[in-house]
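Scroll down for the structure; my scribbles are underneath it.
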Amino acid sequence: MVRLACLATVLLAACGGATPPATSTTPPAPVTEPSLPEPAPPALDLAKLGQPCAADGTCAAGSCVTYHGIAGPRGPAFTSCEVTCADGKGCPDGTACITVADGPGAVCRPPG
């Protein structure tokens, strides 16, 4: 009788104490579409570098830079469309970094 009670206890412990399998609570990663590459920036019209900015401050090439000529702040302010290179940034292909001392400073311009 003792053996039967031990057997019943072992069977109950084995069957009744079973735990359900663990389940993940992490949601599956979302499926995303592959991203397309960024469109290339429009080609820089090198002939428009150094030209005066439009009245609204826009440029067909580069960014509008305001500076004073050889007269300094007592003289008039000038503007030109430039790609600056004073901060160590490289210049676009077909241009080189030059310094226009009485102008916009270090800018990228086509050679010649």
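All figures in this text were calculated on a predicted structure; none of them were measured in a lab.
You'll find the side chain of Leu49 stays beyond 4.5 Å of the side chain of Val107, heavy atoms only. A 4.5 Å side-chain heavy-atom check between Val83 and Thr95 finds every atom pair outside the cut-off.
Cys91 approaches Cys85 most closely through the heavy-atom pair SG-CB, 3.8 Å. Smallest separation of non-hydrogen atoms from Pro104 and Arg109: CG-NH2, 4.1 Å. Taking each heavy atom of Lys48 and Ala61 in turn, the nearest pair found is CB-CB, 3.8 Å. When every heavy atom of Pro111 is checked against every heavy atom of Gly94, the shortest pair comes out as CD-O, 3.3 Å. Of all heavy-atom pairs between Ile70 and Asp102, the closest is N-CB, 4.0 Å.
Under 3.5 Å, the side chains of Thr84 and Glu82 contain no donor-acceptor pair of N or O atoms.
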Does the pair Cys59 and Cys64 meet the rule for a disulfide (SG to SG under 2.5 Å), with working shown?
CA-CA 6 Å; Cys59 287; Cys64 187; 4.7 Å; no
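Here Thr79 pairs with nothing under the side-chain hydrogen bond (donor to acceptor under 3.5 Å, both in side chains) rule; sequence neighbours left out.
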